[in-house]
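Input: a single structure, listed below in C-alpha cells.
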Amino acid sequence: MVFEVMKVPTTPFDGQKPGTSGLRKKVKVFVQPHYLQNFVQATFNALTPEKVKGATLVVSGDGRYFSKDAVQIIIKMSAANGVRRVWVGQNGLLSTPAVSAVIRERVGADGSKATGAFILTASHNPGGPNEDFGIKYNMENGGPAPEALTDKIFENTKTIKEYLIADELQEVDISTIGVTNFSGPDGPFDVEVFDSASDYVKLMKSIFDFELIRKLLSSPKFTFCYDALHGVAGAYANRIFVEELGAQKSSLLNCTPKEDFGGGHPDPNLTYAKELVERMGLGKSNSGVEPPEFGAAADGDADRNMILGKRFFVTPSDSVAIIAANAVGAIPYFSSGLKGVARSMPTSAALDIVAKSLNLKFFEVPTGWKFFGNLMDAGQCSICGEESFGTGSDHIREKDGIWAVLAWLSILAYKNKDNLNGDKFVTVEDIVRQHWATYGRHYYTRYDYENVDAGGAKDLMANMVKMMSSLDEVNTIVKGARSDVSKVVNADEFEYKDPVDGSVSKHQGIRFLFEDGSRLVFRLSGTGSEGATIRLYIEQYEKDPSKIGRDSQEALAPLVEVALKLSKMQEFTGRSAPTVIT
C-alpha cells in the first residue's frame, strides 16, 4: 500500500507545555483540529534525525477515551516523518511500565529495537469524553523525556507552522496481531501490532521466583485480591496472577480495561479504590465476610500501586522501605545486593533509615521519575519510590505497579516459605509492624486539595516562602496553634543538584523541619488537567516501641493543626477540608 506525505498548515496553541508527566488536558482540548498533531510534530522536530528517520517507535497507552483515534493519527504522522516502523500493543494497550520494558527489551524479527515511544495516558486521572487525555514521549532508555527535550518541544509548539501526515494512509486494525506494510517516499513503513503482555511477563519472570509465589497463592492460608480499577493493568492481571501464578479468577476486580475506567477515578488510594477497600475490611460497612490476606490496586496506566493487608493499609513510604529492607533475600533479581536506594523529597524518611542500617547509597530527589532514571542509568540506584503510590526498580525506567505487587508477594512468600503448612502465617500487618519495631515508625499522611483556584494556590505558596525568612514568627504561630508540637529549626525550598548530570532543579517544594525530626512539606502539583492541586505532607518519626501502634491520623493531629494555621489554607483556597487524605 503506497502513501503520500501532506504538509498541513497550522497555527500554534497556547499552553502546550509538557510537564514531568507529559502533556495533559481535557479531551475537548485534544480533539480540537490540529491540537494533537501540533504536539506530535513538535516532538518529532525536537528529536535528533536518527531518532526519527528510519527509527522504530512504540505507540500505545492506557486505552482511555480518544486513544484509538490518537494511535491512528500518530501512525500517519510517523509514516510522513520517515519513521521506519511503529509497534502498537494489541488494541492500543500497553501499561506505562510495559512501554518502558518494550523499549528496553523487545527485539523485532529483523533485529530492530525501539528508540522511543509516544505513551497515551493521563495516568491516575479520569477518562471519558468530558475527562482527561495525555501524551508523553519516552526515550531509548525507556524513561521519560528529560527537561532539555520537553523544553525544546514546548518551544517548537509556540512556533509551529505545519505538520507532516500521510492522511490517506489506510487505518491499521490494532485489534489484530500482525504486521501491515506500506510504502512511501522514504521507502517501506510497517506497523506491527503485538501482544501487550508477553514482553512484560517475560521480564517479570526473570526478576521474581514465580514458583515460590505460586506456592503462596495456592496455600489455603492465603487469599488475594487485585483491583485494576478498569485501567490497563487488567490486560496483565489475568496473564500474571491467574495463568502464571494460579490465583482464582474471582480474585480479580475491575480487570476489564475501559475507555472511561467504568466511570470511576483510576487512582489507587483509600478514597477512590472503594470496592477493594471495602473487600479488605477497611470500609465503613461491615459485610461479615472475612477479608483476603492481601489486596492491591493499580491506576489507569498501571505505574502506581496501593498495597493492603487484611484491615490494614501500607503507606507507599513504608512500602518502598520494606521492599528495600527485604529485597536481597526475597527477590532473586537483587540477590547480589542493592546498588543504592532513592525516594522523592515528599516521601517519608522511612527509606533513609533502612539505607543507613544496610549501609546503602541514598538519594533524595525532586518529584518526577526521570530523576531516579538518571541515578539508575549511572548504576547508583536499585530501588526507589514516591509517596504518591509509585514504586519501582532499575529493571525499567518508570514506576511499576505490578512489579510492586509481585515484590510484596515475594516477601510474603519468602517469610512464609517454611510455614505454609504450619500454624502461624506471617501477614502483611506482621511484616509492617516488625519493620517498625526494627527501624522505628514514620507516621505519615498527605492532604490533597484538588482543583483549587490557581491564583489562590500560588499566593499560598508565595506567603510561605516569605515566612521562611523568620523562624521566630513561624514558631510563634506553631506554639499558638499547639504548644505540644516541637519547634521549627529549619525552613527552605527544596533544591536538587543531580549528581549524574549536574543539572539543578529549584522550587521543588517548601519544607518546615522540626527539632524532633517531624516535617511539613507543601507542593503545587502539576498532574491534573485544570486548576491547581496543593499537596500537604505531614510526617512524624517515632522510635519508642511503646508508641508505634497509634492511629496515624490521631498521632498526626497536632501537626495537621499547625500546618493548616501556618499555611492559612482555608483563607487562600476557600477549602475547609482536603479532597483526598492518604
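All values reported here derive from a predicted model rather than from experimental measurement.
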Side-chain heavy-atom pair Val193, Thr176 within 4.5 angstrom cut-off: no

Look at the aromatic rings of His395 and Tyr333 and report parallel, tilted or perpendicular, splitting at 30° and 60°. perpendicular

Parallel, tilted or perpendicular for Phe371 and Tyr496, by the 30°/60° rule? perpendicular

Would a distance-only check, ignoring hydrogens and angles, find a side-chain to backbone donor-acceptor pair under 3.5 Å from Thr391 to Ala404? no

Are Glu140 and Lys113 close enough for a salt bridge, meaning some N to O gap below 4.0 Å? no

Quick check: do Phe39 and Ile135 have side-chain heavy atoms less than 4.5 Å from each other? yes

Parallel under 30°, tilted from 30 to 60°, perpendicular over 60°: which one fits the rings of Tyr449 and Tyr447? tilted

Give, for atom CD of Glu275 and atom CG of Asp227, the distance between the pair rounded to the nearest 0.5 Å. 6.0 Å

Below 30° counts as parallel, above 60° as perpendicular, anything between as tilted: where do the rings of Trp403 and Phe208 land? tilted

Checking Gln16 side chain against Ile153 main chain: does a donor-acceptor pair fall under 3.5 Å? no

Verify the neighbour count for atom NZ of Lys158: are there more than 12 heavy atoms of other residues, nucleotides or ligands below 6.0 Å? yes

Taking 4.0 angstrom as the limit, do Glu387 and Arg535 come out as a salt bridge? no

Are any side-chain N or O atoms of Gln32 and backbone N or O atoms of Val29, one a donor and one an acceptor, separated by less than 3.5 Å? yes

With ring centroids as reference points, do Phe118 and Phe44 lie under 6.0 angstrom apart? yes

Salt bridge (Lys or Arg N to Asp or Glu O under 4.0 Å) evaluation trace for Arg64 with Asp260: CA-CA 6 Å; Arg64 66 181 53 235; Asp260 66 348; over 6 Å; no

Phe182 and Leu169: which non-hydrogen atoms are nearest, and at how many Å? CD2-CD1, 3.3 Å

Going from CG on Asn238 to SG on Cys255, what distance comes out if it is rounded to the nearest 0.5 angstrom? 8.0 Å

Thr10 side chain to His34 main-chain N or O, any donor-acceptor pair under 3.5 Å? no

Could you go step by step and tell me if Glu493 and Gln508 meet the side chain to side chain contact (heavy atoms under 4.5 Å, CB included) rule? CA-CA 6 Å; Glu493 268 196 285; Gln508 294 296 313; over 6 Å; no

Side chain of Ser95, backbone of Ala233: donor and acceptor closer than 3.5 Å? no

Is there a donor-acceptor contact under 3.5 Å linking the side chains of Gln41 and Asn156? no

Answer yes or no: does atom CD of Glu243 have more than 12 heavy-atom neighbours from other residues, nucleotides or ligands under 6.0 Å? yes

Side chain of His124, backbone of His265: donor and acceptor closer than 3.5 Å? no

I'd like to know if Asp132 and Lys25 make a salt bridge, using a cut-off of under 4.0 Å between side-chain N and carboxylate O. no

Can a salt bridge be assigned to the pair Glu155 and Lys152 using a cut-off of 4.0 Å between side-chain N and carboxylate O? no

To the nearest 0.5 Å, what is the distance between CD on Glu192 and CG on Asp110? 8.5 Å

Kindly indicate, with the supporting measurements, whether the criterion side chain to side chain contact (heavy atoms under 4.5 Å, CB included) is fulfilled by Leu245 and Ile240. CA-CA 6 Å; Leu245 294 173; Ile240 291 174; 4.0 Å; yes

Could you tell me whether the side chains of Arg397 and Ser100 share a donor-acceptor contact shorter than 3.5 Å? no

Ion pair Asp299/Lys399, N-O distance below 4.0 Å: no

What is the distance from atom CG of Leu93 to atom CG of Asp301, rounded to the nearest 0.5 Å? 12.0 Å

Donor-acceptor check, side chain of Asn38 to backbone of Thr11, threshold 3.5 angstrom: yes or no? yes

Step-by-step side chain to side chain contact (heavy atoms under 4.5 Å, CB included) determination, Ser198 to Arg239: CA-CA 9 Å; Ser198 295; Arg239 184 80 67 88; 3.7 Å; yes

Donor-acceptor pair, Arg343 side chain versus Met345 backbone, under 3.5 Å? yes

Is there a donor-acceptor pair under 3.5 Å between the side chain of His230 and the backbone N or O of Pro257? no

With a 4.5 Å cut-off on side-chain heavy atoms, are Gln90 and Ser196 touching? yes

Do the non-hydrogen side-chain atoms of Gln37 and Ile160 ever get within less than 4.5 Å of each other? no

Per the side-chain contact (heavy atoms from CB on, under 4.5 Å) rule, which among Asp167, Asp186, Leu164 passes with Val5? Leu164

Any heavy-atom pair between the side chains of Val52 and Val83 that's under 4.5 Å? yes

Do side-chain atoms of Asp448 reach the backbone of Glu450 as a donor and acceptor pair under 3.5 angstrom? no

Between Ile323 and Phe334, is any pair of side-chain heavy atoms under 4.5 Å apart? no

Taking atom NZ as the centre, does Lys202 end up with more than 12 heavy-atom neighbours from other residues, nucleotides or ligands that are less than 6.0 angstrom away? no

Beyond-backbone contact of Ile75 with Phe189, side-chain heavy atoms, under 4.5 angstrom: yes

Can you tell me if Tyr537 has over 12 outside heavy atoms packed within less than 6.0 Å of its OH? yes

Could you give the distance from CZ (Phe133) to OG (Ser67), rounded to the nearest 0.5 Å? 4.5 Å

Spatial distance of atom CE (Met376) from atom CD1 (Ile396) [nearest 0.5 Å]: 8.5 Å

Walk me through it: do Met306 and Leu270 pass the test side chain to side chain contact (heavy atoms under 4.5 Å, CB included)? CA-CA 9 Å; Met306 176 171 68; Leu270 295 171; 4.1 Å; yes

So do Phe241 and Ser251 actually touch side chain to side chain, heavy atoms under 4.5 Å? no

